[in-house]
Protein chains: 2
Amino acid sequence: MSAPASKSPATLHDVAREAGVSLATASRSLNGSARKVNESYRLRVVEAAQRLGYTTNLFAQAVAKGSTTTVALLVADIADPYFSSIAAGVIDAASEENLVVTIAVTGRNSQRELDTVRALRGQRPRVMILAGSRTTGSPFEEHLRAELSSFEDTGGKVAFISQDAAPFATVLLDNRGGARDLAVALAGLGYRDVAVIAGPAEIRTAQERLAGFTAGLAEHGVQLPAERIIHADFTRDGGYRGTQELLATGATVDLIFAVNDVMAVGVVSALRDAGLVPGQDIGVAGYDDIPTVRDITPALTTVRIPLEDVGRRALRLATGTARDGAATGGPAGPGAIPTETIIRESTPPR
Amino acid sequence: MSAPASKSPATLHDVAREAGVSLATASRSLNGSARKVNESYRLRVVEAAQRLGYTTNLFAQAVAKGSTTTVALLVADIADPYFSSIAAGVIDAASEENLVVTIAVTGRNSQRELDTVRALRGQRPRVMILAGSRTTGSPFEEHLRAELSSFEDTGGKVAFISQDAAPFATVLLDNRGGARDLAVALAGLGYRDVAVIAGPAEIRTAQERLAGFTAGLAEHGVQLPAERIIHADFTRDGGYRGTQELLATGATVDLIFAVNDVMAVGVVSALRDAGLVPGQDIGVAGYDDIPTVRDITPALTTVRIPLEDVGRRALRLATGTARDGAATGGPAGPGAIPTETIIRESTPPR
DNA sequence: AGTAGCAGAGAAAGCGCTTACCGGCCCCGG
DNA sequence: CCGGGGCCGGTAAGCGCTTTCTCTGCTACT
């Protein structure tokens, strides 16, 4: 059943010899082709391959065909549930199309992101998916665009998962709208003294969620004073520290909105460590609906994004297998991924 | 700065022509080689490459060199924090060595795992890392071994992250010892009526943790009746349902040990949904110390495994860059990854 | 001054695969 | 009974690289 203990893998050549046919025939019967091969030959080849433990060398195949079966996925941090959920979706959809996913992490560092894209181009991936927020004001942003454009010029496809990243295909996340809806819902529940633990100022996702949230509050006549906006890291610890900072100002608030769930988790812990009861003393809301937030106490109010689905869509968008009109480069609107406000125990009515 | 809008990426040939040197020289100056190249030539080549936006075609390079820069990582579920943390470690260590990581998910399905390994072999990865528990009694297990052996025979390296998987290099997780220590600590805290939500019976990790835990309890004279062992899925929902099942039996217990943290999270939620106060009415303990468990309420008692580190080690073990004697194929012992019992609020003294 | 010896550039032969293209065979119609 | 097409194996020319080997042009020594 298994292979010979030779020093290097069997090649197609070996298989052809073993089967007593030509290289061409072996290739045709093993790796599909427009042309037909006599069934008896095909069988002999397949058996020979089996016997030798042959597997097509994908690299060589890629070189010969001039196209690969690789998808490159860039994420900020694979251990972050937001990204790992997206990755799960991408991988799932990719395996359906027999594509192999390569993951690289950029650690929210534009410089490194750019380097990574450059390095990944060497793989000549069919598709490159960039998950994670764009930033404003980074000098690298422009270089990145140039690099990606040139990647597309040479036959690659690029897909973003974020806000509008024209001219590239994008799975649009309606951060503004989602945050606005959440704010409206919370204001409706009676919250009035609100603080926001926002992400780093230059991260667009953070900006948009903040803006949308502010707008939603305004619709209910609720103000969000600038000193109630704390910028912090996009991580659990960022949320934790941001909350400490907020509490230190002595502000009296009845609600803290963290612009993403991992931060919100930090908020909850910080409140508790400060002797407060999250949900009861101060409401907490997050954004993303990562799996864990329904299991923490109190279960977290948040905005759901179908993360795995987003990953799947990104892949399909890029490979052109998209089933439906998932957004591409246009402004947030009809094509954006629908979000859903989920009210849980962390924000009881006031 | 950026590339020409040609239809296909610049090749080394283009670069050589542009620089007015031979292909060989271009190759040597761009991608290193034992041989020296006149500095002025080298410069011309580098500039030409720059101008054309050239990036080495890694596939072609791999074909020519007969070796790749790819690492394949197999995980059961990338969205599971256990695996995503390990993946983070692997990716981190890999990028240090300029290796690219390809991730495939097997969904805890032996058949699929085998298929995936076969498919991945086509990539001729330098290293294949299999994270996740081995199972007992699966007919595929043997085929997997054969496949992997033949992969190693043809020059690949394999590393497992799990229990002893001789003859392959393994980052040993001392499940028995960790669980035993945990049990000793908990018995010391006064717990006497214990139940275990174990994973699927055929998963070795689950078996070992259960065995170790039982042994630890026994040292304190605490029995674990068979009917107090509930087998359930290795997921959050598994933990949840397992707990419901346990509660339905009407057993009075003062502690539930879930064999991994994600299950423990489910246990906590199930208890709460059943009107019980986890930690107070019934203690809960998990295993792995995934990041979220310190943020749920009550913070979870668990056994820490340095997951990222484990990932890093696995890679180094396989590439031979291992710094220290991280375990390889021997029985659990000196080489195993050290675990640490972490007592948190979910198991107050009784 | 003559030659051995050594750099180091370039030509060319692969690496494992795909895919025109060629040519033998068989079937059909005239 | 003969010629034109299909059909389908095989031959060979790549794909974009690396690497061996050849060969030129020096330096350095006797």
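Quick note on labels: first sequence line is chain A, next is B, and so on, each numbered from 1.
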Pick base, sugar-phosphate or nothing for A:F59, based on heavy-atom distances below 4.0 Å to the nucleic acid.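 Nothing, no nucleic acid heavy atom in range.
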Salt-bridge criterion met for [X] and [Y] (N-O under 4.0 Å):
| X | Y | result |
| --- | --- | --- |
| A:R134 | A:E113 | yes |
| A:R145 | A:E142 | no |
| A:R17 | A:D14 | yes |
| A:D80 | A:R108 | yes |
| A:E47 | A:R44 | no |

For the helix from C:dA1-D:dT30 to C:dG30-D:dC1, measure the angle between the helix axis at one end and the axis at the other, each built from five pairs, rounding to 10°.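 The angle, to the nearest 10 degrees, is 50°.
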Taking all heavy atoms of A:F151 and all of A:K157, pick out the closest pair and write down the distance.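 For A:F151 and A:K157, the tightest heavy-atom pair comes out as CE2-O, 3.4 Å.
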Could you list where the contact with chain B starts and ends along DNA chain C, reading 5' to 3', using a 4.0 Å heavy-atom cut-off?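 The footprint of chain B covers C:dG8 to C:dC15.
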B/S/- contact track for nucleotides 17-27 of chain D, protein heavy atom under 4.0 Å: BBBBB------
Is it true that the side chains of B:T102 and A:T102 contain a donor and an acceptor less than 3.5 Å apart?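 Yes, because at least one side-chain N or O of B:T102 sits under 3.5 Å from a partner of the opposite role on A:T102.
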Between A:S150 and A:R121: side-chain donor-acceptor atoms closer than 3.5 Å: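 A pair is found: one side chain offers a donor N or O, the other an acceptor, under 3.5 Å apart.
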Would you call the rings of A:F160 and A:F168 parallel, tilted or perpendicular, taking 30° and 60° as the class edges?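 Ring orientation of A:F160 relative to A:F168: tilted.
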I would like to know whether B:S110 and B:E141 meet side chain to side chain donor-acceptor pair (under 3.5 Å); could you show each step before the answer? CA-CA 7 Å; B:S110 304; B:E141 203 70 15; 4.9 Å; no
